[in-house]
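Following: one structure in structure tokens, then a few remarks.
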2 protein chains.
Amino acid sequence: MAEVSIDDVAARAGVHRSTVSRAFSRPEAVNAATRKHVLEVAESLGYRVNPLAQALRRRASNLVPLIVPDITNPFYGELARTMAAAAADRGYQLVLCVTGGEVAQTNAYLTSLQEMYAPFGIVAPSTSVDLDELQNVALGSKVVVVDRVEQAQVPTVTVDSAEGIALAVDHLRGLGHRRIAYVSGISGAYTSRDRLAAYEGLAAELDMPAMILDAGTGPDVGERAAERLVHMTREERPTAVIAANDMVAFDLISALGVRGVSVPDEVSVMGFDGLEFGARFNPRLTTVRQPIADMGVIAIDLAEKLLKDGETSHVVLAPDLLIRDSTAEVPR
Amino acid sequence: MAEVSIDDVAARAGVHRSTVSRAFSRPEAVNAATRKHVLEVAESLGYRVNPLAQALRRRASNLVPLIVPDITNPFYGELARTMAAAAADRGYQLVLCVTGGEVAQTNAYLTSLQEMYAPFGIVAPSTSVDLDELQNVALGSKVVVVDRVEQAQVPTVTVDSAEGIALAVDHLRGLGHRRIAYVSGISGAYTSRDRLAAYEGLAAELDMPAMILDAGTGPDVGERAAERLVHMTREERPTAVIAANDMVAFDLISALGVRGVSVPDEVSVMGFDGLEFGARFNPRLTTVRQPIADMGVIAIDLAEKLLKDGETSHVVLAPDLLIRDSTAEVPR
DNA sequence: CCGGTCACTGCGATCGATTGCTGAGATCGG
DNA sequence: CCGATCTCAGCAATCGATCGCAGTGACCGG
């Protein structure tokens with residue numbers, strides 16, 4: 001309430017403003033005894049440096065934009081949660097920016113936050129990040145992307161799509177499945193493409209028919225894929241389906257349920273993401289887990305490294321398998 | 001990149017700083033022609049007022065904290081999304097604050113954002129908001145709570161729990177159910193209590209046995225309730241269950257699935273929230289819908305009204321029914 | 001022709017911090 | 001005992017905007 005400023009502390013401690021300032025931000029530049037005294041006085045007055053004034057002067061704030069297409073999607077929700085924690089640990093405050101899938105929004109948010117002297121930004125894109133577009137914004141070069149990006153000039157963190165798909169295919173083949181279809185869909189840009197490519201590559205390699213049930217986007221991929229599946233003859237129908245991500249898997253299972261097709265009894269379904277919610281789905285979803293918690297921390301790390309050393313590295317994490325109840329041995 | 005400031009515009013337009021400032025923030029106080037000229041020059045230079053400097057001087061920023069216990073929970077996700085949109089419409093920028101259920105965090109975030117001159121805050125509590133606690137923070141009195149609150153000195157927006165539960169019970173009775181159980185659980189403080197109370201009241205009124213399957217909290221209410229249910233004899237077992245919220249319903253259905261109990265064939269399950277995700281669950285969830293989108297807009301409205309007129313009203317919205325596939329006529 | 005209004009606009013202090021520069025005093029070597 | 005070096009704290013400008021106050025010129029009525 002008291003709104004105590006740096007001058008109040010200075011007056012009370014009998015020193016100059018600048019000494020108080022240094023006591024906080026450059027400890028080595030002030031006598032230890034003086035510093036202790038200042039800090040005690042500050043403490044007793046309940047003083048805290050005004051982040052706005054500090055940011056204005058320093059031209060650097062602790063506000064970090066997290067740009068996601070849709071916070072309703074649990075993937076971004078989990079990402080946001082871990083990022084908020086990781087950010088807080090390092091003294092940053094996460095600012096949530098929801099683009100709703102509109103590409104222009106990303107840049108709008110970025111410029112808006114750079115006016116608040118955000119030191120960097122985190123972007124989790126839904127569609128291909130237009131890097132050229134990103135370059136148009138000042139903050140654009142200080143961005144970490146949570147997705148793979150082609151010819152990236154910015155740091156990125158992703159999970160290894162090929163390995164993830166391999167894990168899924170292995171698991172299903174281990175259960176006896178030979179006709180394994182794939183449903184593409186809503187997800188990160190390149191990541192989504194990578195997963196599809198990995199599936200196709202693996203299918204060729206293992207001499208399996210590559211069945212793409214639906215490669216569209218939007219909220220009803222699951223619907224369309226299910227529709228397609230139920231109209232297949234018994235021979236051509238896949239015994240298992242890998243979905244591009246957990247949400248699509250949920251969608252698909254739900255749509256199959258509506259059509260009376262039971263998972264995993266009639267067809268096995270796997271997801272990709274490892275959302276916590278998968279453990280609460282019906283049936284509990286077998287899926288390839290991305291280490292989302294790690295991704296949050298790593299993204300912040302990458303950002304700090306970028307600021308300090310100008311180093312833009314690309315971290316690719318290893319996925320693992322979360323075997324639950326949506327996959328079973330091939331029927332009969 | 002150019003970092004153009006108000007002085008640049010002033011110099012270029014041949015006027016004083018203050019005129020430029022007024023051209024933007026107090027249009028009526030400056031000659032129309034001058035203003036037009038200033039605005040054009042500003043436009044051509046790509047000038048935008050620096051929000052930090054503005055906030056510092058005005059002692060009011062456009063940063064609005066949204067405090068939620070868990071952004072992973074789609075309820076808060078949907079809330080965040082609509083709030084972000086509503087806030088953006090009015091020129092505010094939402095700052096996401098995730099407490100992880102720790103009460104102290106709420107106040108920490110509130111003070112932290114008040115130092116950034118946040119004009120108000122939105123709190124979606126997981127447990128009883130300790131209003132006395134809230135009063136300890138300066139921003140505490142300028143908060144809108146998305147939940148019912150007892151003896152609230154702050155504006156609130158909620159949905160009518162009693163009406164919602166009545167809707168649910170009506171729907172189930174219409175399908176022939178007479179043994180309708182209830183599972184309490186993770187959710188807003190008073191809201192959660194209200195729903196339970198409404199259920200109990202209605203049970204007494206309609207002369208139905210009140211069966212509370214689980215009244216605990218935490219992530220495994222569903223588990224426990226399912227466990228309890230499968231151990232009941234055929235006669236005592238409820239034919240339908242109302243869950244305190246959608247997440248609990250998902251949990252429960254999943255846990256029942258693991259135990260081989262099919263929904264809605266053997267038991268009907270209803271949720272409460274109306275999450276979009278319910279339409280993608282298996283089976284698609286019948287639920288009482290809260291107008292979450294409205295709640296976001298209303299919360300912002302209430303906040304602005306509070307600032308302007310000091311008026312603290314309590315909005316109670318009407319829920320409606322979303323009939324999908326998780327409820328069916330009572331078996332046999 | 002003069003004093004009074006009115007509509008603008010300029011001046012400069014201010015918001016709360018940071019930081020380069022300067023100078024005071026302590027320390028030290030010769 | 002003196003000058004050089006070093007440590008530390010004060011001074012004042014600065015970040016980019018806002019706003020109360022004062023000044024200027026136009027306009028009007030008497």
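Chain naming here is simple, since letters A, B, ... match the order of the sequence lines and numbering starts at 1 in each. Predicted model only: the values in this text are computed from it and were never measured.
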Exercise for the section: Starting at atom CZ of B:R22, determine the distance to atom C1' of C:dA7, rounded to an integer number of angstrom. Expected result: 12 Å
Handout entry: Shortest side-chain distance from A:I6, nucleotide among C:dG10, C:dT18, D:dA17
Key = C:dT18
Handout entry: Touch class at under 4.0 angstrom, heavy-atom based, for B:R48 against every strand present
Key = sugar-phosphate
Completion exercise
Among the nucleotides D:dC8, C:dG16, C:dT9, whichever has the atom closest to the side chain of A:N31 is D:dC8
Problem - B:T19 side-chain proximity, nearest of C:dT9, C:dA17, D:dG16 - result: C:dT9
Practice task
Kindly say if B:Q54 contacts the phosphate of D:dT18, meaning a side-chain N or O under 4.0 Å from OP1 or OP2.
Solution key: yes
Handout entry: A:R17 CZ - C:dT19 C1' separation (whole Å)
Key = 12 Å
Practice task
Please state how far atom NE2 in A:H37 lies from atom P in D:dA9, giving the value in whole angstrom units.
Solution key: 12 Å
Problem - Pair B:E28-B:R22, salt bridge (Lys or Arg N to Asp or Glu O under 4.0 Å): steps then yes or no - result: CA-CA 8 Å; B:E28 75 286 358; B:R22 281 188 282 255; over 6 Å; no
Exercise for the section: Please tell me which of B:L56 and B:A32 maps to the more 5' nucleotide of DNA chain C, matching each residue to the nucleotide holding its nearest heavy atom. Expected result: B:A32
Practice task
Assign A:A55 to base, sugar-phosphate, or nothing according to its heavy-atom contacts below 4.0 angstrom with the strands shown.
Solution key: nothing
Handout entry: Cationic N near anionic O, under 4.0 Å, A:K36 to A:E40
Key = yes
Exercise for the section: Taking the side chain as every heavy atom from C-beta outward, state whether B:V64 and B:L66 have any pair of such atoms under 4.5 Å apart. Expected result: no
Practice task
Starting from P on C:dC8, measure out to CZ on B:R35 and report it in whole angstrom.
Solution key: 12 Å
Problem - Salt bridge A:R81-A:E276, side-chain N to carboxylate O under 4.0 Å - result: yes
Completion exercise
Here the distance between atom P of D:dA12 and atom CG of A:D7, to the nearest Å, is 14 Å
Practice task
Using a heavy-atom cut-off of under 4.0 Å over every strand shown, decide if A:V20 touches base, sugar-phosphate, or nothing.
Solution key: nothing
Practice task
Answer yes or no: side-chain N or O of A:R57 and base N or O of D:dT14 forming a donor-acceptor pair under 3.5 Å.
Solution key: yes
Exercise for the section: Just call it for B:S18: base, sugar-phosphate, or nothing, with non-hydrogen atoms closer than 4.0 Å on any strand. Expected result: base
Practice task
Just call it for A:Y117: base, sugar-phosphate, or nothing, with non-hydrogen atoms closer than 4.0 Å on any strand.
Solution key: sugar-phosphate
Handout entry: 5′-ward residue of the pair B:H16/B:L52 relative to DNA chain D
Key = B:L52
Fill in the blank from the handout: Looking only at C:dT9, C:dG16, D:dA13, the nucleotide nearest the B:R59 side chain is C:dG16
Fill in the blank from the handout: From the candidates D:dA9, D:dA17, C:dA17, the one with an atom nearest any side-chain atom of A:A53 is C:dA17
Problem - A:R90 and A:D301 ion-paired at < 4.0 Å - result: yes
Handout entry: Closest listed nucleotide, where the reference is the side chain of B:R58 and the choices are C:dA17, D:dT18, D:dA17
Key = D:dT18
Practice task
Send over the distance from A:F24 CZ to D:dA9 P, rounded to a whole Å.
Solution key: 15 Å
